[in-house]
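Only one structure is covered here, and it is reproduced in the block below.
Letters A, B, ... mirror the listed sequences (proteins, then strands); counts begin at 1. The figures that follow rest on heavy atoms only: side chains count, while hydrogens, waters and symmetry mates do not. Computed from a prediction, not measured in an experiment: that's the story for all the values here.
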Number of protein chains: 2
Amino acid sequence: MTEQPTTEQRGATLRDEDFLRLDGQICFALGAANRAFGGLYRVILKDLELTYPQYLVMLVLWEHGTMPVKQLGQHLRLDSGTLSPLLKRLEAAGLIRRERSTEDERSVHAVLTEEGAALRERAVEVPRRIARATGFELAEIRELQERLGRLTAALDAAVDSVGRD
Amino acid sequence: MTEQPTTEQRGATLRDEDFLRLDGQICFALGAANRAFGGLYRVILKDLELTYPQYLVMLVLWEHGTMPVKQLGQHLRLDSGTLSPLLKRLEAAGLIRRERSTEDERSVHAVLTEEGAALRERAVEVPRRIARATGFELAEIRELQERLGRLTAALDAAVDSVGRD
DNA sequence: AACGATTGAGTTGTGCACAACTGAATTGTG
DNA sequence: CACAATTCAGTTGTGCACAACTCAATCGTT
C-alpha cells in the first residue's frame, strides 16, 4: 500500500482504465463488508427470529423507547416504504404494537410490547459476538466509523448537488 | 435501563447497554455508507440506464471480457439467484448475450454485445465523478479498502466457525 | 374560517440478496 | 463402464430498499 500518496503528480493522472478498475473497489469493498455483516447477523440472529434490519429497529426502540415511524426512519436512514412492512412484520411477531398518535393522527408510534422489551435480554450478547468476530480493536472500529460517517456525508452532499460537475 | 450509560473509560469492559448502542454503529455506518453510494450511483448511472449492481457486472466484463456466470459471481460475491435475473435484464437491454458453453454445458457465458462494449466509453467518466464525490484522497480510499477487506475476511471466517463461541 | 401547501404513513412496482430447491451436465470412484 | 456425488444455472419465496404515488391530517397564510 505504501506508494506515492499524491496521485496526480508526474505522469500521473490515472488512465481511465485504471479508474474503471479502481472504482469498483471502494464500493465493492463496502458492499462486500456490508453483506458479510448481513451473513453473520443472519446466523447470530437466527435464535431471535429477527432479520438484520429488524434487529436494527429493535436496537433503536430498546435505546430510545416508543417512537413515531418518521423518527425511526431518521435514526435508521429508511423511509416509510421500507419501514411500514417491516414494522408490520415485527407487529405480527408480537414484538411491537403500532399506535396511531392521538395528538397528531398522521403519526404512528412504534411501541415495544412486553415480549419485545423482554427480547432485549436475549439480544444482549449479540453485539459482543459481532464485535469479537470483526477481530478489530475498539479504537479501530471507531476510526472506521468516523471515516464511513464522513464518506456518507460527502456522498449525500454530492447527491444533492447533482447538476453541476 | 435504570442507569445513565456513561461511556467507556476505566473499567475496560463495556457494559451491555453500551455495547447495544455501539453495536448499531459499525454495521449502521457501513450500511449507511453503502446506501449513500447506491444513491449517488443511482443518480450518476441514470444516463446509462444501469442500476448499481448492473454497473458492477459491466465493470467486471469490461475488465475481464467474456466470463461464465459462476466466475462473475466469485468476482462480485453474488450467487446465481441474484445474477440470473440480473443478467437477463442486461440481456434484455441488449448489453450482453448469454451463451451456453459448448465444452461444459452446465456453464453459461456472459458475453458483451457490441452495444455493451460501446457503453464503456460513456461509463468512463463515472468513476472519476464518484471518486470526486467522496472527497477522499486516493491514499485514504486505499486504506479504507484495506480495512474493509480485512473486516470482510474476518466476518466470513466467523460465519464459517459459527458453532463454538 | 378557508384553503392551498406540507407532512406522515401506507401502497405499488421494480430490483437486489439470499436460502432452499430443481434439473441437467460433469466428475470421481469403484 | 456405472453410478453416486458434485457442480452449475436457474426458479421460487421472503425480505429489504427506494421511487412514485395516494390519502388523510395538519399547518400557514390570508
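B:Thr51 comes within 4.0 angstrom of sugar-phosphate atoms only, judged by non-hydrogen atoms across all strands, and of no base. Contact annotation for A:Leu83: no contact, since no heavy-atom pair falls under 4.0 Å across all strands. Contact annotation for B:Lys46: no contact, since no heavy-atom pair falls under 4.0 Å across all strands.
Nucleotide C:dT14 holds its C1' atom 11 Å from the CD atom of B:Gln54, rounded to whole Å. In this structure, CZ of B:Arg35 is placed 14 Å from P of C:dA17, rounded to the nearest angstrom. Straight-line distance from the CG atom of A:Asp104 to the C1' atom of D:dA25: 7 Å, rounded to whole Å. The distance between atom CZ of B:Phe37 and atom P of D:dC18, rounded to the nearest whole Å, is 15 Å.
In this structure, the salt bridge (charged side-chain N to carboxylate O under 4.0 Å, His left out) partners of B:Asp104, at least two apart in sequence or on a different chain, are B:Arg106. With sequence neighbours left out, the ring-ring contact (aromatic ring centres under 6.0 Å, His included) criterion links A:Tyr52 to A:Tyr41.
Of the listed nucleotides (D:dC8, D:dG10, C:dA9), D:dC8 has the atom at the smallest distance from the side chain of B:Arg106.
Residue pairs meeting the ring pair (Phe, Tyr, Trp, His ring centres under 6.0 Å) criterion with at least one member in residues 67-99 of chain A, sequence neighbours excluded: A:His64-A:His75. Applying the salt bridge (Lys or Arg N to Asp or Glu O under 4.0 Å) rule to pairs touching residues 32-50 of chain B yields nothing, sequence neighbours excluded.
For A:Arg42 and C:dA17, the shortest distance from a side-chain N or O to OP1 or OP2 is not below 4.0 Å. Using a 4.0 Å cut-off, no side-chain N or O of A:Thr82 falls inside it from OP1 or OP2 of D:dA17.
For the pair B:Glu105 and A:Gly81, nearest-nucleotide mapping onto DNA chain C gives the more 5' position to A:Gly81.
Screening A:Thr51, A:Val126, A:Ile130 for a side-chain contact (heavy atoms from CB on, under 4.5 Å) involving A:Leu45 leaves a single residue, A:Val126.
Remark: A:Val69, A:Lys70, A:Ser80 in residues 69-80 of chain A come within less than 4.0 Å of DNA chain C through at least one heavy atom. Applying a 4.0 Å cut-off to non-hydrogen atoms, none of the residues of residues 147-156 of chain B approaches DNA chain C.
A heavy-atom distance below 4.5 Å is not found between the side chains of B:Leu148 and A:Phe28. Put simply, the side chain of B:Leu112 does not reach to within 4.5 Å of the side chain of B:Thr66, judged on heavy atoms.
When atom types are taken as modelled, the side chain of A:Glu99 and the backbone of A:Val111 share no donor-acceptor pair closer than 3.5 angstrom.
By the 4.0 Å N-to-carboxylate-O rule, A:Arg142 lies too far from A:Glu146 to be salt-bridged with it.
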